[in-house]
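Notes to accompany the following structure.
To find a chain, count down the sequence lines: A is the first, B the second, and so on, and within it residues start at 1. From a predicted model like this one, the values you see are computed outputs, not experimental measurements.
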Amino acid sequence: MVKFEPFYQVVRRVPRGRVATYGQVAALAGRPRGARLCGYALSALRGTVHDVPWQRVLGARGAGRAGISLRDPIGAAAQRALLEREGVVVDALGRVELERFGWRRVAAKR
DNA sequence: ACTTTGACGACTG
DNA sequence: GCAGTCGCCAAAG
């Protein structure tokens, strides 16, 4: 899907150990209100050959906190494992502190 | 061609 | 803080 290329490129830009939200990725991809598109685009990546760190994309849930929005418990667990392997702290609820790991284009080193 | 659904987000009550 | 509603774009039935 060529339409999703921009999303993938944005996700690829996310540095290791950081996470971004669907809305953020959508905005950077040129779809300010295409948060759903992001999710849809990423869902298409599942079980595909890609170099897109989809695990770094989380749901925003309003603001301040992000979390794994995958509806598939299996995929959610896998994502959590991948994130922790990169150094991202994910609590039992699958939430991540955007204050610490939220992707900032300008590496906000605490 | 129309309707429903989907890894969402923001606003309103 | 939580539940309901609308908006958004694309794909699948």
inquiry  = Rounded to whole Å, please give me the gap between CH2 in A/Trp54 and P in B/dC8.
reply    = 13 Å
key: Short N-O contact, A/Arg18 and A/Glu86, less than 4.0 angstrom   = no
ask   = Taking atom P of B/dC8 as reference, at what distance in whole Å does atom CZ of A/Arg95 sit?
value = 16 Å
task = Please state how far atom CG in A/Leu83 lies from atom P in B/dA7, giving the value in whole angstrom units.
result = 18 Å
First of A/Phe4 and A/Ala35 reached from the 5' end of DNA chain C, by closest nucleotide = A/Ala35
message = Counting only heavy atoms not in A/Arg46 (residues, nucleotides, ligands), do more than 12 fall under 6.0 Å from its CZ?
response = no
task = Kindly indicate, with the supporting measurements, whether the criterion side chain to side chain contact (heavy atoms under 4.5 Å, CB included) is fulfilled by A/Trp103 and A/Gln24.
result = CA-CA 9 Å; A/Trp103 180 39; A/Gln24 184 177 12; 4.0 Å; yes
note = Whole-Å distance, A/Leu70 CG to B/dC8 C1', equals 12 Å
inquiry  = Under 4.0 Å, counting only non-hydrogen atoms across every strand here, what does A/Arg71 touch: a base, just sugar-phosphate, or nothing?
reply    = sugar-phosphate
request  = Walk me through it: do A/Phe7 and A/Leu42 pass the test side chain to side chain contact (heavy atoms under 4.5 Å, CB included)?
outcome  = CA-CA 8 Å; A/Phe7 293 109; A/Leu42 294 179; 5.9 Å; no
ask   = To the nearest Å, how far apart are A/Arg46 CZ and C/dA11 P?
value = 18 Å
inquiry  = Applying a 4.0 Å non-hydrogen cut-off, can you work out what A/Ser69 is touching in the nucleic acid: base, sugar-phosphate, or nothing?
reply    = sugar-phosphate
query = In whole Å, what is the span from the CG atom of A/Leu37 to the P atom of C/dG7?
reply = 17 Å
query = For the base of B/dA7, is there a side-chain donor-acceptor partner from A/Tyr40 under 3.5 Å away?
reply = no
Nearest-Å distance once atom P is located in both C/dT5 and B/dT4 = 16 Å
ask   = Of A/Arg31 and A/Arg36, whose closest DNA chain C nucleotide lies nearer the 5' terminus?
value = A/Arg36
ask   = Taking atom C1' of C/dA10 as reference, at what distance in whole Å does atom CD of A/Glu5 sit?
value = 15 Å
